[in-house]
Amino acid sequence: MKFWLFKSEPDTWGWHDQLAKGDLGEEWGGVRNYQARNNMRAMQLGDLGFFYHSNIGKEIVGIVEVCQTSASDSTSEDPRWDCVHIRAVRTLAKPVTMAQCKATVGLQDMVLLKNSRLSVQPVTPEEWRIICAMGGTAP
């Protein structure tokens, strides 16, 4: 299993929206960055990801699961763009802010801190473990 981070502006698509989709999940469409698209193409069913509120809050608030692998993005007629479907798994007991990540040993090389604009990014197993502990949830 691999780990990921999905970024969304909460006033556009927030954690409450993702939770409302239930077990069916939602297409993570509209991504127009090749690196982010390639990350989604590398995902497998059951991979887990953090749900990160960007711009407003700048915090990891929940855990999602890939429930459908990469396929054509319904928000584009351009065949270059793919996306996965994700579903909410659980809310973190305590949100983990970007400021906390920056101040935590073991997270200094995290993609979130080095390339904060990338909307879909990998997370290492060690980063996953650290952030889950910070958020008061089991990895």
Side-chain angles (χ1 to χ4, degrees):
M1 177 184 340
K2 292 184 180 175
F3 302 105
W4 308 93
L5 184 139
F6 297 84
K7 292 175 58 180
S8 183
E9 296 177 18
D11 56 343
T12 302
W13 184 261
W15 180 241
H16 65 281
D17 298 306
Q18 190 66 50
L19 283 170
K21 287 298 182 171
D23 287 340
L24 291 178
E26 179 69 11
E27 177 183 64
W28 199 256
V31 174
R32 301 296 180 263
N33 173 285
Y34 287 107
Q35 189 175 3
R37 180 213 56 196
N38 291 344
N39 286 336
M40 288 192 285
R41 285 182 174 177
M43 293 177 186
Q44 300 296 315
L45 285 178
D47 280 0
L48 297 175
F50 289 125
F51 192 102
Y52 178 82
H53 280 163
S54 62
N55 294 336
I56 301 169
K58 295 186 179 180
E59 58 190 3
I60 298 167
V61 294
I63 294 176
V64 295
E65 177 184 32
V66 175
C67 59
Q68 183 179 321
T69 57
S70 185
S72 294
D73 184 334
S74 72
T75 68
S76 175
E77 294 181 16
D78 187 332
R80 294 177 294 170
W81 302 116
D82 294 355
C83 64
V84 296
H85 282 67
I86 59 172
R87 68 174 151 233
V89 174
R90 65 183 166 273
T91 303
L92 294 185
K94 301 177 289 186
V96 177
T97 67
M98 180 180 273
Q100 289 173 298
C101 290
K102 286 179 179 179
T104 301
V105 173
L107 299 180
Q108 64 276 2
D109 294 325
M110 191 172 182
V111 176
L112 179 64
L113 306 180
K114 298 214 174 250
N115 186 359
S116 63
R117 294 188 49 83
L118 185 61
S119 62
V120 180
Q121 52 190 254
V123 173
T124 69
E126 181 63 8
E127 293 164 348
W128 184 265
R129 185 192 62 71
I130 292 169
I131 291 172
C132 283
M134 291 169 68
T137 192

CG on Leu19 to OG1 on Thr91, rounded to 0.5 Å: 4.5 Å

CZ (Phe50) and CH2 (Trp128) are apart, to the nearest 0.5 Å, by 4.0 Å

Test of understanding: clusters of I, L, V, M, F, W, Y form through side-chain heavy atoms closer than 4.5 Å, transitively. Do Ile130 and Met1 belong to the same one? yes

Point-to-point distance, once rounded to the nearest 0.5 Å, from CG of Asp11 to NE2 of His53: 9.5 Å

If Ile, Leu, Val, Met, Phe, Trp and Tyr residues are connected whenever their side-chain heavy atoms lie under 4.5 Å apart, and connections chain through other members, are Val120 and Tyr52 in the same group? no

Rounded distance (nearest 0.5 Å) linking atom CG of Asp47 with atom OG1 of Thr69: 10.5 Å

Tell me whether Ser8 contacts the main-chain N or O of Trp13 through its side chain, where contact means a donor paired with an acceptor under 3.5 Å. yes

What heavy-atom pair brings Thr104 and Gln100 nearest, and what distance separates the two atoms? OG1-O, 2.6 Å

Between Met43 and Lys2, does a side-chain contact (heavy atoms from CB on, under 4.5 Å) hold up when you go through it step by step? CA-CA 7 Å; Met43 293 177 186; Lys2 292 184 180 175; over 6 Å; no

Does a side-chain heavy-atom distance below 4.5 Å link Gln35 with Asn115? yes

For the residue pair Met134 and Leu107, what are the closest heavy atoms and their distance? SD-CD1, 4.0 Å

For Val64 against Val89, the heavy-atom pair lying closest together: C-CG2, 3.8 Å

Say whether Phe6 and Ile60 are linked into one hydrophobic cluster, either directly or through other cluster members, by side-chain heavy-atom distances under 4.5 angstrom. no

Rounded to the nearest 0.5 Å, what's the gap from CG on Leu113 to SG on Cys101? Could you check? 6.0 Å

Kindly say whether Ser74 contributes a backbone atom to a donor-acceptor pair with the side chain of Glu27 at under 3.5 angstrom? yes

Determine the minimum heavy-atom distance between Pro10 and His16, stating which atoms define it. O-CE1, 4.2 Å

Using a cut-off of 6.0 Å, state whether more than 12 heavy atoms not belonging to Asp23 lie near its atom CG. no

Short side-chain to backbone donor-acceptor contact, Gln108 and Gly106, under 3.5 Å: yes

Reference residue Arg87; test side chain to side chain donor-acceptor pair (under 3.5 Å); the match among Gln68, Gln18, Glu65: Glu65

Applying a strict under-4.5 Å side-chain criterion to I, L, V, M, F, W and Y, I'd like to know whether Val123 and Val61 cluster together. no

Evaluate the criterion side-chain contact (heavy atoms from CB on, under 4.5 Å) for residue pair Arg80 and Tyr34; output intermediate values, then yes/no. CA-CA 9 Å; Arg80 294 177 294 170; Tyr34 287 107; 2.6 Å; yes

For Arg32 and Ser76, work out which heavy atoms get closest and say how close. NH2-CB, 3.0 Å

Do you know which two heavy atoms are closest between Gly136 and Lys94, and how far apart they sit? N-CE, 4.1 Å

Under 3.5 Å, is there a donor on one side chain and an acceptor on the other for Thr75 and Asp73? yes

Shared ILVMFWY cluster between Leu5 and Ile86, side chains joined below 4.5 angstrom? no

Using the ring of each side chain (for Trp, its six-membered ring), is Trp28 parallel, tilted or perpendicular to Phe51, with breaks at 30° and 60°? perpendicular

Step by step, would you call Met98 with Leu112 a side-chain contact (heavy atoms from CB on, under 4.5 Å)? CA-CA 8 Å; Met98 180 180 273; Leu112 179 64; 3.8 Å; yes

Do Ile63 and Cys132 have side-chain heavy atoms sitting under 4.5 Å apart? yes

For side-chain contact (heavy atoms from CB on, under 4.5 Å), just list the numbers for Met110 and Ile131, CA-CA rounded to whole Å, side-chain angles, deciding distance to a tenth of an Å, and then say yes or no. CA-CA 11 Å; Met110 191 172 182; Ile131 291 172; 3.3 Å; yes

How many angstroms lie between atom SG of Cys83 and atom CZ of Arg41, to the nearest 0.5 angstrom? 11.0 Å

